[in-house]
Amino acid sequence: MTAYISVKKANCKNCYKCLKHCAVKSISYIADRVEVLADQCVLCGKCINVCPQGAKTVVNDPARILEWLRDPQTRVAASLAPAWAGVFGGDGDADHVSSVQMAEALRELGFDTVEETAAGAAEVTARYRELLEEGTMPSVLTTCCPTVNLLIERYYPELVPLMAPVISPALAHGRMLKKRLGEDTRVVFIGPCLSKIREIDEHPESADAVLTFRQLDALLRDRGLLEKEKAVGKETAMDGASSFSRIYPVPEGIVRDIRHQATVAGAMEAAGGDFAGRYNGYDFISVCGLENVMAFLTELRDGHCGQVFAELNSCSGGCVNGPLIPDSRRAPYRSHLRVERYAAQAPAFVSERPELTWRFEAEPVQEDMPDEKTIRRILSEIGKPTPDRELNCGSCGYPTCRDKAIAVYRGKAELYMCLPYINDISQSLSSVTLAATPNYIIAVDRELRIVEFNLAAQKRFGVSRQEAVGSELYEYMDPSDFEHVFLTGRDIHEKKVRIESQGLIVEQSLIYMLEQNIVIGFLKDITQEEKEREEKHQARLEAAEMAQKVIEKQMIAAQEIASLLGETTAETKVTLNNLKKQIMSEEEGLASRS
C-alpha cells in the first residue's frame, strides 16, 4: 500500500507526540522504529505538523508537475482550491494577493489554464441539494473531505450507506476540465490537503497530480511571482466560472452553499427549507475537526441524531486550516474572513452538469482483539496487575492503559512505552543505587547548597539526609573543587582529597550536570588503602635502609680484606725476590768452582 507519510528515523526522538495527536492510532512504535501504518492511516496530517523534530514528511514529489509545465507540448490546467483566497489573500483585503495576481503567477509558472475548484464545488452542491429533495437517504454525510471518507470506510463501515454517492469538488472539477480541454490535459489540483494526494492517485481519470500550498508557496517565493509590482497593469483574471461555492473552505460552507443555491432557484420554501437549520426534513449540522467528527459519527451510529445532512471536515476550522498550509501563512481566523469576503463577490453559478456519481465501499480495518486474560497479563508486566493501578495518563499516546495493552498485543506498541512505569523503575533503581553504593554521593547547587546526600554519606558524616539537604557544603568539607567545576564547567576525575574533619582520604570525581545546574560528587573512600599503601611504603623504606647498612658493612669488610691482601702480597713479593737472589748466588758459586 502506498505510503504518503515518511518518517526520518534519525530525527524521531520517540516523544510519542504524533501518537498522542493521532485520532485513529495508526502509528507503530516497535524496536525503536516509528512507522505510519498506511492501511490504517486516514491522512489527516496532524502527525506531520505536531512533530517537534520534523521527522515526518509528505511523500509528494512535484518534479513531474514541473516537467509538464516546462513542456510546451503538454497542456496543464490548475484547479485552485478556494482556500487559496484565505491563505494567500483574496480580493478586498488590505494586504491581499488578488485573483489577478494569483492567476498571472500560475501562468508564469507554466499553467495554460487556471480555474478555481469552486466550479466543481458548485456542481457537488447542486447534487447534494437533489439528494435532499429526493429524501430517500436516512441521513446524508458529505464526501468532500477524503480524510473523512477514509475514516468512515475504515472505522465506521456501518455508516458507508449514508455517504453521499458524489465525488469531491476536486475530482468533479478535474472531470470538467478534461471534458472541456481534452482528456490529454494534465489537471493539477492545488490545495492544503494531504489526503487529496491519495484521492487523486486513485482517480487518474479525473485529475493527475497535487501541488500542495506549501510547495506552491515555495515555488512562488523562489521566483518572486507574488510581488505586487509584477501584477501592475495585468487584467487577466482566472479562467472559467466560479460561484458562491468559494465558501466551501470555512465551517458550514457546504450548508450555506446549499441554502444559497436553493434560495436563488426559489426552491427553499418549496422544499420546506428554512434558515434555522432544516431542509426537506433533514437537520443541517456542520462538524469540523477529526475528533469531533468521530464523536458525531459514534452518536449517529448509535441512533442519537435522527435524519441529518452532515457537513464533515477533518480539519478544525475547515480547509483554511489544512495540514499543508505554509506555517508563515497559517492564520485560520483571518483566512476565514478573507474567504467570506471573496465568496460574497462571486458571480452567479452556471452549471456544466458533469458526471458526479461515485459509490463508496467499506474497507474496515481488521485487527485482532485480545481476551481479558491476555490484556491483564500485558498490564501486569508493567506493574498494573489490577484496574486500580491503571493511571490512564495518556503519556504513551493511548487514552487508556487498556488501549495501550491492546496495541502491544497487535504489535503496534512496545511494552515499556509506559512513562510512569519507566519513571518508577528509574526512581527505584536510583534509590537502590544511592542506598547500596559504598561511595559517598553528594550533589550541590550553584550556591553550594547540598541537594542530595546518600546513605553512605549520611552514615559517615553522622547526619540524616533531612539535616544535610539544604545545608552548606563547607560544613562538611572543603567546597573549593565543587566551586571550580561550576566556574569552569570542566569535570574533575579521580582527584585525591583529604577531609581532615573526618580523617578521610577520598578519590573524588566531580561531574557538572548542565541541564540541572548541579555538580554531583562521587567520593570513594580510600583511607584504608592509603594507610596500607603508606605502611607498605614505610616497610619498603626500612628494608632499603637495612639493605644499605648491610652493603656498607660489606664495603668495609671488602676494603679491610683488600688492605690485608695488599700487605700479604707485598711481603710475598719481597720473600720471592730474596729467594730468587739466593738461588742465583748459589748457581754463580757452583759455576766458578767448576
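No hydrogens, no waters, no symmetry mates; every other heavy atom, side chains included, goes into these values.
Other residues, nucleotides and ligands contribute more than 12 heavy atoms inside 6.0 Å of the CZ atom of Arg180. Counting non-hydrogen atoms of other residues, nucleotides and ligands closer than 6.0 Å to CG of Asp368 gives a total of 12 or fewer. By the neighbour-count criterion of 12 heavy atoms within 6.0 Å, atom CD of Glu205 is densely surrounded, having more than that number from other residues, nucleotides or ligands. Heavy atoms from other residues, nucleotides or ligands lying under 6.0 Å from CD of Glu67 number 12 at most.
Electrostatic pairing of Asp201 and Lys196 does not count as a salt bridge here, judged by no charged N lying under 4.0 Å from a carboxylate O. Ion pairing of Arg186 with Asp112 is absent here, as no side-chain N (NZ or NE/NH1/NH2) approaches a carboxylate O to less than 4.0 Å. Glu35 and Arg33 are joined by a salt bridge, as a carboxylate oxygen and a charged side-chain nitrogen come within less than 4.0 angstrom of each other. The existence of a salt bridge linking Arg129 and Glu134 is excluded, since no basic side-chain nitrogen approaches an acidic carboxylate oxygen closer than 4.0 Å. One finds no salt bridge joining Asp403 and Lys25 here, because no Lys/Arg side-chain nitrogen approaches an Asp/Glu carboxylate oxygen to under 4.0 Å.
Two residues are said to be in side-chain contact when any heavy atoms from C-beta on lie closer than 4.5 Å; Asp208 and Val76 fail this criterion. Asn60 is listed as a side-chain neighbour of Gln215, based on a closest heavy-atom distance under 4.5 Å. For the pair Val365 and Asp39, the minimum side-chain heavy-atom distance is 4.5 Å or more. Counting only heavy atoms from C-beta outward, the side chains of Ile285 and Phe296 approach each other to under 4.5 Å. Two residues are said to be in side-chain contact when any heavy atoms from C-beta on lie closer than 4.5 Å; Glu367 and Gln40 meet this criterion. Side-chain contact between Phe111 and Ile190 is present, with heavy atoms from C-beta onward closer than 4.5 Å. At a threshold of 4.5 Å between non-hydrogen side-chain atoms, the residues Arg256 and Phe244 count as touching. Using a 4.5 Å heavy-atom cutoff, the side chains of Leu219 and Leu225 are not in contact.
Note that the CE atom of Met176 and the CG atom of Leu181 stand 10.5 Å from one another [nearest 0.5 Å]. Taking NZ of Lys8 as the reference point, atom SG of Cys51 lies at 10.0 Å (rounded to 0.5 Å). Rounded to the nearest 0.5 Å, atoms CG (Leu43) and CG (Asn149) are 11.5 Å apart. Note that CD1 of Ile27 is 3.5 Å distant from SG of Cys18, once rounded to the nearest 0.5 Å. In this structure, CH2 in Trp84 is found 15.5 Å from SG in Cys319, a value given to the nearest 0.5 Å. The line from CG of Asp239 to CD of Glu116 is 10.5 Å long, rounded to the nearest 0.5 Å.
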Decide yes or no on salt bridge (charged side-chain N to carboxylate O under 4.0 Å, His left out) for Arg75 and Asp184, but give the supporting numbers first.
-> CA-CA 8 Å; Arg75 174 177 286 277; Asp184 61 343; over 6 Å; no

Could you give me the CA-CA distance, side-chain angles and deciding distance for Val287 and Asn313, then say whether side chain to side chain contact (heavy atoms under 4.5 Å, CB included) is met?
-> CA-CA 6 Å; Val287 187; Asn313 193 312; over 6 Å; no

After noting the C-alpha distance and the side-chain angles of Tyr398 and Leu19, does the key distance pass the side chain to side chain contact (heavy atoms under 4.5 Å, CB included) rule?
-> CA-CA 7 Å; Tyr398 291 93; Leu19 186 57; 3.4 Å; yes

Derivation and outcome, ring-ring contact (aromatic ring centres under 6.0 Å, His included), residues Tyr279 and Phe309 | CA-CA 9 Å; Tyr279 192 91; Phe309 176 88; 8.9 Å; no

Can you list the steps and then say if Phe189 with Leu171 is a side chain to side chain contact (heavy atoms under 4.5 Å, CB included)?
-> CA-CA 9 Å; Phe189 173 77; Leu171 298 180; over 6 Å; no

Hey, mind stepping through Val24 and Cys22 against side chain to side chain contact (heavy atoms under 4.5 Å, CB included) and telling me if it holds?
-> CA-CA 6 Å; Val24 296; Cys22 180; 4.0 Å; yes

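When all heavy atoms are compared, the tightest approach of Ala122 to Gln261 is O-NE2, 3.0 Å. Annotation for Val87 and Arg334: closest pair O-NH2, 4.4 Å, computed over non-hydrogen atoms. In terms of heavy atoms, Cys41 sits closest to Ile5 at SG-CD1, 4.4 Å. Among all heavy-atom pairs drawn from Ala23 and Met294, the shortest one is CB-SD, 3.6 Å. Counting all heavy atoms, side chain and backbone alike, Ala172 lies closest to Val124 at CB-CG2, 4.1 Å. Closest approach of Glu414 and Ile30 over heavy atoms only: OE2-C, 3.4 Å.
For Glu311 and Ser286, the side-chain atoms include at least one donor-acceptor pair closer than 3.5 Å. Checked by atom type, the side-chain pair Ser79/Glu115 shows no donor-acceptor distance below 3.5 Å. Using a 3.5 Å distance cut-off with no hydrogens or angles, the side chains of Glu199 and His203 do not pair a donor with an acceptor. In this model, a donor atom of one side chain and an acceptor atom of the other lie less than 3.5 Å apart for Glu355 and Thr357. Looking only at atom types and distance, the side chain of Thr298 has a donor-acceptor partner in the side chain of Tyr156 under 3.5 Å away. With no hydrogens or angles considered, no side-chain donor-acceptor pair links Glu133 and Tyr282 at under 3.5 Å.
The main-chain N or O of Val59 is never found under 3.5 Å from a side-chain atom of Ser6 such that the two would form a donor-acceptor pair. When atom types are taken as modelled, the side chain of Arg214 and the backbone of Pro323 share a donor-acceptor pair closer than 3.5 angstrom. Looking at Asp283, its side chain never comes within 3.5 Å of a backbone N or O of Arg278 through a donor-acceptor pair. The backbone N or O of Thr185 sits less than 3.5 Å from a side-chain atom of Lys178, completing a donor-acceptor pair. Within the 3.5 Å criterion, the main-chain N or O of Glu352 finds a donor-acceptor partner in the side chain of Glu123. Side chain of Asn292 to main chain of Cys288: a donor-acceptor pair is present (N/O by atom type, distance under 3.5 Å, no hydrogens or angles). Formation of a donor-acceptor pair under 3.5 Å by the Arg175 side chain with backbone atoms of Ala170 is not found in this model. Between the side chain of Arg246 and the backbone N or O of Ala118 there is no donor-acceptor pair closer than 3.5 Å. Judged by distance alone, with hydrogens and angles left aside, the side-chain atoms of Thr143 form no donor-acceptor pair with the main-chain N or O of Met163 at under 3.5 Å. Side-chain atoms of Asp257 never come within 3.5 Å of backbone atoms of Thr125 as a donor-acceptor pair (strictly under, hydrogens ignored).
Screening Leu141, Leu297, Val140, Ile152 for a side-chain contact (heavy atoms from CB on, under 4.5 Å) involving Leu162 leaves a single residue, Leu141.
Annotation: cation-pi geometry not satisfied between Arg198 and Tyr4 (NZ/CZ under 6.0 angstrom from ring centroid, within 45° of ring axis).
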